[in-house]
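For clarity, every value in this text was computed on a predicted model and none was experimentally measured.
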Amino acid sequence: MTSTGRPDKRAAIERAARKAFGRDGYTRTSVDAIATEAQVSKRAIYNHFTDKEQLFLAVALDGAAEVTEATARLMELTCARSWTCRRTSSPSAATASPPWRSSPTTSRWCGPSKPR
């Protein structure tokens with residue numbers, strides 16, 4: 001990853017790329033189209049990313065991270081609302097592992113049903 005430019009420009013490029021890739025797909029999206037969408041020069045894109053593939057991977061990884069975070073929040077909410085989530089030891093031990101995983105400090109699986 002090159003990233004010699006400003007973080008705000010990089011964020012604008014990634015937002016524009018996400019929109020363009022989502023709308024037109026990887027093959028039909030050009031670096032010129034991303035530059036136009038982000039209102040930056042093509043050179044600015046290459047200051048942050050070595051090529052279109054690297055930009056696509058950065059956008060895909062950011063998307064995957066968002067999905068992972070949303071899933072974790074959902075699992076925490078599910079556990080917090082579930083009557084099966086009962087801790088059997090001290091409160092500090094209860095926060096040692098994510099609530100959706102079974103652990104030695106949990107008497108039962110946290111969540112709507114036991115994993116298979």
Next on the checklist: Test your reading of the model: is there a side-chain donor-acceptor pair from Glu14 to the backbone of Arg10, 3.5 Å cut-off?
Outcome noted: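 Side chain of Glu14 to backbone of Arg10: no pair is present.
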Next on the checklist: For the CD1 atom of Ile45 and the CD atom of Gln54, what is their distance to the nearest 0.5 Å?
Outcome noted: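 Here the rounded value is 12.0 Å.
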Next on the checklist: Nearest 0.5 angstrom please: Glu76 CD to Thr71 OG1, how far?
Outcome noted: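 Separation between the atoms: 11.0 Å.
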Side chain to side chain contact (heavy atoms under 4.5 Å, CB included) partners of [X], counting only residues at least two apart:
X	result
Ser41	Arg43, Ala44
Ala33	Ser30
Asp8	Arg6

Item to check | Partners meeting side chain to side chain donor-acceptor pair (under 3.5 Å) with Glu66 (sequence neighbours left out) | outcome: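 Once residues adjacent in sequence are excluded, the partners of Glu66 under the side chain to side chain donor-acceptor pair (under 3.5 Å) criterion are Arg18.
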Checklist entry - Under a 4.5 Å cut-off applied to non-hydrogen side-chain atoms, are Val31 and Tyr46 in contact? => result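 A side-chain contact under 4.5 Å exists here.
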Item to check | Any side-chain heavy-atom pair of Phe49 and Ile13 under 4.5 Å | outcome: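 Touching, per the 4.5 Å side-chain cut-off.
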I'd like a table of donor-acceptor pairs (distance under 3.5 Å, sequence neighbours excluded) in which one partner is a side-chain atom from residues 19-28, with atom names and distances.
{"unit_1": "Lys19", "atom_1": "NZ", "unit_2": "Glu37", "atom_2": "OE2", "d": "3.2"}
{"unit_1": "Arg28", "atom_1": "NE", "unit_2": "Asp24", "atom_2": "O", "d": "3.2"}
{"unit_1": "Arg28", "atom_1": "NH2", "unit_2": "Asp24", "atom_2": "O", "d": "3.1"}

Checklist entry - Taking all atoms of both residues into account, what is the closest heavy-atom pair of Ala38 and Ala12, and its distance? => result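 What the structure gives for the nearest pair is CB-O, 3.7 Å.
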Next on the checklist: With salt bridge (Lys or Arg N to Asp or Glu O under 4.0 Å) as the rule and sequence neighbours excluded, what pairs involving residues 46-59 come up?
Outcome noted: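 Passing the test, one end in residues 46-59: no pairs.
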Checklist entry - What pairs meet the side chain to side chain donor-acceptor pair (under 3.5 Å) rule with one or both residues in residues 56-65, with sequence neighbours excluded? => result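 For residues 56-65: none.
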